[in-house]
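FYI, side chains are in, hydrogens and waters are out, and symmetry mates aren't considered; it's all heavy atoms of this structure. When a ligand or atom number is given, it counts from 1 through the structure's own listing order.
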Amino acid sequence: MFFHKNPIKRLIFSIPVIFVIILTGFVFYCYHAGYMWIGEGTLLKDSTVYGLLFLLTWAYFACMFTDARTTPDNYKETPKTHDYEATFCKYCDNVRPPRTHHCRSCDRCILRHDHHCPWVGNCVGFGNHRYFIQFVVYATIDTGFVGSCCFGVIMRNDDLNWFTILGAVLGLGLSVVIGSLAGFHVWGMLANMTTIEFKKSMKSNIFDRGDWQTNIKQVFGDNLLAYVLPIKTSGNLSGLDYPYNLENLDKDITEESIDNLEVKT
Ligand SMILES: [Zn+2]
Ligand SMILES: [Zn+2]
């Protein structure tokens with residue numbers, strides 16, 4: 001939401017973000033009131049919940065406050081390297097680098113655009129995709145952990161209160177929902193495919209480098225600590241150009257038809 005030019009849009013896009021923060025706060029309050037404060041918590045369990053809460057909150061705000069990255073003003077298409085994906089954005093009136101798409105919500109082109117996420121109030125793209133993946137993975141584990149703890153108390157049927165029940169229902173429910181999203185994004189990262197590219201044609205994955213280690217590096221870079229913590233990373237990609245393999249192109253899809261698809265998004 002911080003990257004929207006229009007102040008009214010900034011206000012509207014802050015509503016889902018506030019909802020996520022309140023919901024997250026409530027789930028962890030349920031852990032306190034429905035588990036920890038009734039004498040069920042242990043040092044190991046409490047530090048696991050708090051540690052993961054710290055990481056998921058850090059990743060969430062990193063994803064929200066980090067620019068997903070847009071096409072630089074001085075970007076010029078290089079015909080030799082962009083012979084396949086050279087497309088033009090009619091909204092920005094500018095040439096687009098490969099894997100770049102225009103976001104209608106943000107009203108700008110986003111490098112390696114994955115999707116616009118109202119729940120983090122930002123686009124998910126080249127600049128912040130790894131933070132988004134960390135957030136959904138940590139949120140899946142932590143809500144699942146809270147839900148399982150509370151569910152265990154319900155099964156024993158002792159000393160439970162409404163917070164125990166809500167902790168179990170919300171924790172396990174959110175873990176399944178966010179977990180599906182996390183699973184999809186991890187799979188997409190390992191296959192080197194964005195959500196937009198998956199929707200277009202999952203058979204034509206021309207950016208897959210053939211092994212998941214190389215694919216994952218295009219998102220998480222070379223700094224191994226950045227795989228765990230939402231910190232800056234280094235890598236040899238600028239977000240403007242990607243190695244690709246046209247042999248993976250689905251024969252039913254011509255280069256022209258993909259260009260047309262890209263212009264529509
Ligand atoms: Zn654009
Ligand atoms: Zn956007």
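Ring orientation note: the planes of F163 and Y29 are nearly perpendicular, at an angle over 60° on the 30°/60° scale. Taking the six-membered ring where tryptophan is involved, the planes of F132 and H115 are perpendicular, since the angle between them exceeds 60° and thus also 30°.
Atom ND1 is the N, O or S atom of H102 at the shortest distance from the Zn ion (ligand 1). Taking the N/O/S atoms of H116 in turn, the shortest distance to the Zn ion (ligand 2) belongs to ND1.
Look at H113 and the Zn ion (ligand 2): no N/O/S atom of the residue is under 2.8 Å from the metal.
Angle SG(C89) to the Zn ion (ligand 1) to SG(C92): 110° [nearest 10 degrees]. Considering the Zn ion (ligand 2) as centre, the angle to SG of C103 and to SG of C106 is 120° (10° rounding).
Judged by a 6.0 Å distance limit and a 45° cone about the ring axis, R96 is not positioned over the six-membered ring of F88.
No close placement of the Y91 and H101 rings is indicated, their centers lying 6.0 Å or farther apart.
H113 and H102 share no side-chain donor-acceptor pair at under 3.5 Å.
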